[in-house]
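Structure first, commentary second.
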Amino acid sequence: KKPFRKVLTFALAAVMAASVAGSIAQPAQAASRSKTARARTAWNFLRSQGFSKKATAGILGNMDQESGISATSRSGSCYGLIQWTGSRKSALKRYARKQGTGTGNLKTQLKFMVYKDCSGLKRRMARNDSSVAQATRYFEVTYERAGIPAMSRRISKANYWYKKFA
């Protein structure tokens with residue numbers, strides 16, 4: 001009886017470990033699919049607003065670096081796709097209220113960025129999108145203004161989204 005119990009206990013422990021590992025892997029896979037879906041939504045919206053493919057990829061690379069392209073991402077007092085803070089974050093909240101949506105709504109944040117927070121962004125990006133890297137740098141320097149830019153990561157992420165969607 002005792003050897004059978006040991007085998008049964010071992011088998012049960014192995015099944016439980018595999019089950020736990022599977023449940024850990026599944027959310028990571030779902031999160032990855034969800035990030036791609038959010039990126040596709042942002043890509044389609046920005047393209048529909050007239051942004052070039054390179055400019056759109058540069059913006060997505062910045063969003064990916066800042067928030068993982070998550071409209072609900074928080075880091076300290078920073079919030080959303082672009083990690084808005086201070087007066088820009090307050091303006092986003094006001095804009096969302098006027099739109100009748102939540103602050104964490106992806107499309108609300110995209111519209112806020114394009115229509116309210118940075119007038120002329122599309123026109124300026126069009127003059128600075130000869131490459132994905134140039135568009136990424138331009139968006140970071142003129143709009144994002146990150147404390148620690150980690151530019152090579154932003155450019156790498158932008159190139160990834162360009163290859164995925166362009």
Side-chain angles (χ1 to χ4, degrees), residues 24-126 128-129 132-166:
I24 290 169
Q26 287 173 348
Q29 291 168 349
S32 177
R33 283 191 301 271
S34 178
K35 179 179 176 178
T36 300
R38 292 189 310 268
R40 171 63 77 184
T41 297
W43 178 275
N44 290 341
F45 173 78
L46 293 168
R47 294 287 294 136
S48 76
Q49 298 303 304
F51 287 86
S52 72
K53 291 176 183 178
K54 291 174 186 172
T56 299
I59 293 169
L60 283 177
N62 276 280
M63 288 178 179
D64 197 356
Q65 177 64 27
E66 291 297 315
S67 66
I69 312 177
S70 172
T72 58
S73 175
R74 294 178 190 275
S75 178
S77 65
C78 303
Y79 182 77
L81 290 171
I82 306 293
Q83 292 297 282
W84 284 285
T85 189
S87 63
R88 292 169 84 191
K89 181 178 169 184
S90 297
L92 169 63
K93 288 179 180 179
R94 285 190 303 278
Y95 180 77
R97 271 194 305 276
K98 287 180 183 176
Q99 299 301 307
T101 63
T103 308
N105 182 287
L106 176 66
K107 287 191 177 179
T108 297
Q109 289 188 23
L110 290 167
K111 289 175 183 177
F112 172 74
M113 180 186 76
V114 172
Y115 303 141
K116 296 294 179 187
D117 194 38
C118 194
S119 63
L121 177 64
K122 178 176 60 174
R123 186 181 66 256
R124 291 194 312 272
M125 289 292 293
N128 291 281
D129 70 351
V132 171
Q134 181 187 19
T136 304
R137 278 192 289 277
Y138 183 80
F139 186 81
E140 194 287 321
V141 168
T142 62
Y143 185 80
E144 180 59 51
R145 300 181 299 251
I148 301 172
M151 194 58 71
S152 62
R153 279 193 249 151
R154 288 173 194 274
I155 293 169
S156 176
K157 291 169 187 280
N159 281 317
Y160 171 81
W161 294 116
Y162 184 82
K163 288 175 187 165
K164 184 142 186 96
F165 296 140

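The residues of the chain are indexed from 1 along the displayed sequence.
The shortest non-hydrogen separation linking Ile82 to Glu66 is O-OE1, 4.0 Å. Nearest heavy atom pair, residue Ala71 against residue Gly104, reads CB-O, 3.2 Å. A pairwise comparison of heavy atoms in Thr136 and Val132 identifies OG1-O, 2.7 Å as the closest pair. Looking at every heavy atom in both residues, Gly147 comes nearest to Pro149 through O-CD, 3.7 Å. When all heavy atoms of Ala158 and Ala57 are compared, the pair lying nearest together is CB-O, 3.2 Å.
Counting only heavy atoms from C-beta outward, the side chains of Thr101 and Lys107 never approach each other to under 4.5 Å. Side chains of Ile69 and Trp161 form a contact here, defined as non-hydrogen atoms less than 4.5 Å apart. Contact of the Arg38 side chain with the Met63 side chain is not registered, since no non-hydrogen atoms from C-beta on lie closer than 4.5 Å. At a threshold of 4.5 Å between non-hydrogen side-chain atoms, the residues Lys164 and Thr36 count as touching.
Between the side chain of Lys89 and the backbone N or O of Ser77 there is at least one donor-acceptor pair closer than 3.5 Å. For the pair Asn159 (side chain) and Ile155 (backbone), a donor-acceptor distance under 3.5 Å is present. Distance alone, capped at 3.5 Å, places no donor-acceptor pair between the Glu144 side chain and the Gln83 backbone. In this structure, the side chain of Gln65 does not engage the main chain of Arg153 through any donor-acceptor pair within 3.5 Å. Not a single donor-acceptor pair under 3.5 Å links the side chain of Arg74 to the backbone N or O of Cys78. Proximity of a side-chain donor or acceptor of Asp64 to a complementary backbone N or O of Arg154 within less than 3.5 Å is not detected. Checked by atom type and distance alone, the side chain of Ser67 pairs as donor or acceptor with a backbone atom of Leu81 at under 3.5 Å. Distance alone, capped at 3.5 Å, is enough to place a donor-acceptor pair between the Ser52 side chain and the Ala55 backbone.
Between Trp43 and Phe165, the ring-plane angle classifies as tilted under the 30° and 60° cut-offs. Using a 30° and 60° split on the angle between ring planes, Phe112 and Trp84 fall in the perpendicular class, above 60°.
A distance of 4.5 Å separates CZ of Phe51 from CD1 of Ile59, quoted to the nearest 0.5 Å. Remark: Met113 CE to Leu46 CG distance equals 5.0 Å, nearest 0.5 Å. Here Phe45 contributes atom CZ and Leu106 contributes atom CG; the two are 9.5 Å apart, rounded to the nearest 0.5 Å. Note that the OG1 atom of Thr103 and the CZ atom of Arg97 stand 7.5 Å from one another [nearest 0.5 Å]. In this structure, CZ on Arg124 lies 13.5 Å from CG on Asp129, to the nearest 0.5 angstrom. Taken from CZ in Arg137 to CG in Asn62, the straight-line distance is 11.5 Å, to the nearest 0.5 Å.
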Q: Please lay out, stage by stage, how Leu60 and Lys157 fare under the test side-chain contact (heavy atoms from CB on, under 4.5 Å).
A: CA-CA 8 Å; Leu60 283 177; Lys157 291 169 187 280; over 6 Å; no

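Ser90 and Arg94 are not linked by any side-chain donor-acceptor pair at a separation below 3.5 angstrom, with hydrogens and angles left out of the test.
Around the NZ atom of Lys53, the shell of radius 6.0 Å holds no more than 12 heavy atoms that belong to other residues, nucleotides or ligands.
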